[in-house]
Amino acid sequence: MSAQTETTSKKVGWGLVNVLVLLYAFVPVVWIISLSLKGGDTLNDGKFLPANPTSDAYSKIFSNDDFLRALANSIGICLISTFIALVLGTMAAYAIARLDFPGKTAIVAMSLLISMFPQIALVTPLFKIETAVGLFDTWPGLILPYITFALPLGIYTLSAFFREIPWELEKAAKMDGATPYQAFRKVIAPLAMPGVFTTAILVFIACWNDFLFAISLTSTNRARTVPAAMSYFTGATTFEKPTAAIAAAAVIITIPIVIFVLFFQRRIVAGLTSGAVKG
Amino acid sequence: MSTLVAQPDEAVDIAKRRASEGKRAEQRLGMLLCAPAVVVMLSVTAYPILYAIYLSFFKADLRTPGNNEFIWLSNYVTVLSSPIWWSAFGITMFITVISTAFELIFGMMLAVVMHRTIVGRGLVRTSALVPYAIVTVVAAFSWRFAWTQGIGWLAGDSAPLTEKWPSVWIIILAEVWKTVPFMALLLMAGLALVPEDLLKAASMDGATAWQRFWKITVPLIKPSILVALLFRTLDAFRVFDNIYILTSGANNTSSVSIVAYNNLIRGLNLGIGSTMAVLIFITIAIIAFLFIKLFGAAAPGQGTGR
């Protein structure tokens with residue numbers, strides 16, 4: 001009896017703690033959603049929830065060419081960067097996890113250094129170099145730095161996943177006459193797909209999140225991504241503040257990622273912690 | 001007779017040669033597979049940083065191209081004797097230290113909750129990922145509007161983002177909110193490695209939960225703590241997005257990244273911008289070096305990492 005009341009009170013205690021975690025995670029998100037639904041007259045009421053929800057801000061933002069262009073830029077640039085980083089990262093991670101070759105430690109150390117690299121230190125020289133070679137304010141001009149900073153993340157996560165794959169299968173394939181390359185293509189790659197998929201999510205989120213390169217290496221809506229475009233939003237008139245428009249844009253680029261992350265929660269946790277467990 | 005003896009030797013030789021050929025093929029493949037990644041990483045980081053070092057010795061202003069002049073260390077003197085730089089450096093250090101400390105405390109609490117909760121574990125782990133998944137700029141806007149006079153539910157009649165220290169604390173709040181989940185996940189990976197039996201045994205011997213945490217859990221997950229701290233310290237030092245959106249560096253709330261950005265994009269001063277880039281790079285290198293030397297942070301170069 002007393003043991004049972006003890007577990008019940010424990011459950012209630014943990015339940016309360018969980019509520020705190022939920023509040024922590026969701027309050028700023030609910031607030032920005034609420035702000036995007038507020039109409040012109042209630043925008044300045046300072047209340048947490050909208051009095052008369054309206055979708056005005058959304059219809060405005062979806063008829064705004066700058067935003068639509070930025071959304072296309074964001075999606076295109078991030079997908080291409082993710083794809084290239086994954087191809088290069090998978091090759092390198094396979095080599096690091098499976099093969100013995102000189103310079104391996106140096107490569108691991110170098111990717112670690114790059115993941116700690118202050119991006120701002122690159123912005124100045126990249127600005128100058130990209131202007132000189134005509135990459136400034138273009139998709140490739142952003143894709144290049146994105147790949148570079150995605151690669152260390154990709155190499156770590158992927159090589160941690162690759163170490164989990166049973167060696168014997170590769171050996172068996174080689175015994176059956178497969179070359180190392182065939183063993184990679186036909187045996188390891190299919191087994192590695194879950195890890196590659198998880199890494200793809202992490203890399204995509206990292207690119208999607210970038211702001212510094214996006215505002216430094218673009219100057220028009222030719223390559224400007226949504227986070228950068230949001231900081232340039234202005235109201236329809238000088239007196240109209242773009243608050244609701246910014247909030248709506250914020251919700252649009254947030255909700256898909258959040259749903260995606262919630263859906264693949266387990267994999268993402270595994271991916272983010274894969275290196276740390278052994279570290 | 002002697003030829004018979006020689007045969008096994010020959011076979012061993014051939015086997016050895018084959019093995020070393022195989023080894024060489026493996027080495028070749030390994031380098032070949034890594035080459036593209038290495039080339040991209042080096043050409044987008046090593047070359048520009050060398051170029052930045054080179055530019056930092058020049059008077060280079062994009063408004064007067066062709067007037068570049070070699071001026072030795074003058075740029076460094078200019079930056080290092082500038083109160084703007086040192087104010088930004090101080091703010092950056094303050095934000096880095098305070099937010100990393102809060103992140104460690106809250107991250108540890110969240111990690112313990114995610115690890116131990118007996119109800120709704122999936123729900124807690126899932127929702128804890130929300131701040132991680134949100135674009136920093138979006139979260140920064142959410143905080144900015146929340147603290148804007150008239151609009152925000154947190155601001156009321158005050159306007160904290162127009163004053164220095166309230167702004168700094170809101171920047172720290174935004175940083176901490178966004179990165180606690182990442183910290184918690186790294187720590188939770190460590191918690192999973194603490195043997196349950198050990199904790200039970202200590203509990204039987206009369207150790208309280210507090211004692212078990214400090215005497216058993218913390219020492220055992222020290223490597224995870226140090227790696228998480230190292231990553232977050234270096235990451236916090238680069239703080240840019242939150243400040244740009246929350247204050248744009250107004251009222252002396254600039255970080256070194258903001259100051260460098262302003263010199264380059266707004267001031268178009270390549271020489272000074274590069275000098276700041278080099279100084280930030282050196283600072284980061286020193287922090288990383290100190291961490292690894294002083295705390296022996298399991299230098300994650302040993303085949304593992306993040």
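A note on names: the letters A, B, ... follow the listed sequences, proteins ahead of strands, and every chain is numbered from 1.
Of the two parts of A:Val123, the backbone and the side chain both hold a non-hydrogen atom closer than 4.5 Å to a non-hydrogen atom of chain B. Using a 4.5 Å cut-off between heavy atoms, A:Leu212 touches chain B through backbone and side chain atoms alike. Interface remark: B:Asp241 contributes backbone and side-chain atoms alike to the contact with chain A (heavy atom separation under 4.5 Å). Residue contact with chain A, scored on non-hydrogen atoms closer than 4.5 Å, involves the side chain of B:Tyr47 exclusively. Using a 4.5 Å cut-off between heavy atoms, B:Ile245 contacts chain A through its side chain alone, with no backbone atom that close. If you measure heavy-atom distances from A:Leu262 to chain B, the contacts under 4.5 Å come from both the backbone and the side chain. Heavy-atom distances place the side chain of A:Ile268, and not its backbone, under 4.5 Å from chain B. At a 4.5 Å heavy-atom cutoff, the contact between B:Leu110 and chain A is made by side-chain atoms alone. Heavy atoms of A:Tyr94 lying under 4.5 Å from chain B belong exclusively to its side chain. Proximity to chain B involves both the backbone and the side chain of A:Met230, based on heavy atoms less than 4.5 angstrom apart. For B:Tyr244, the part lying near chain A is the side chain, with the backbone staying farther off; criterion is any non-hydrogen pair under 4.5 Å. Both the backbone and the side chain of B:Leu33 have a heavy atom closer than 4.5 Å to some heavy atom of chain A. Looking at B:Ile134, both its backbone and its side chain come within 4.5 Å of chain A, counting heavy atoms on both sides. For a residue to count as touching a neighbouring chain, one of its non-hydrogen atoms must lie under 4.5 Å from one of that chain's; by this rule A:Thr243 touches chain B with backbone and side chain alike.
B:Glu26 is listed as a side-chain neighbour of A:Asp100, based on a closest heavy-atom distance under 4.5 Å. With contacts defined as side-chain heavy-atom distances shorter than 4.5 Å, the pair B:Leu186/B:Ser224 does not qualify.
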Derivation of the ring pair (Phe, Tyr, Trp, His ring centres under 6.0 Å) call for B:Phe231 and B:Phe182
CA-CA 10 Å; B:Phe231 268 107; B:Phe182 181 71; 7.1 Å; no
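A search for ring-ring contact (aromatic ring centres under 6.0 Å, His included) contacts involving B:Tyr51 returns nothing, not counting sequence neighbours.
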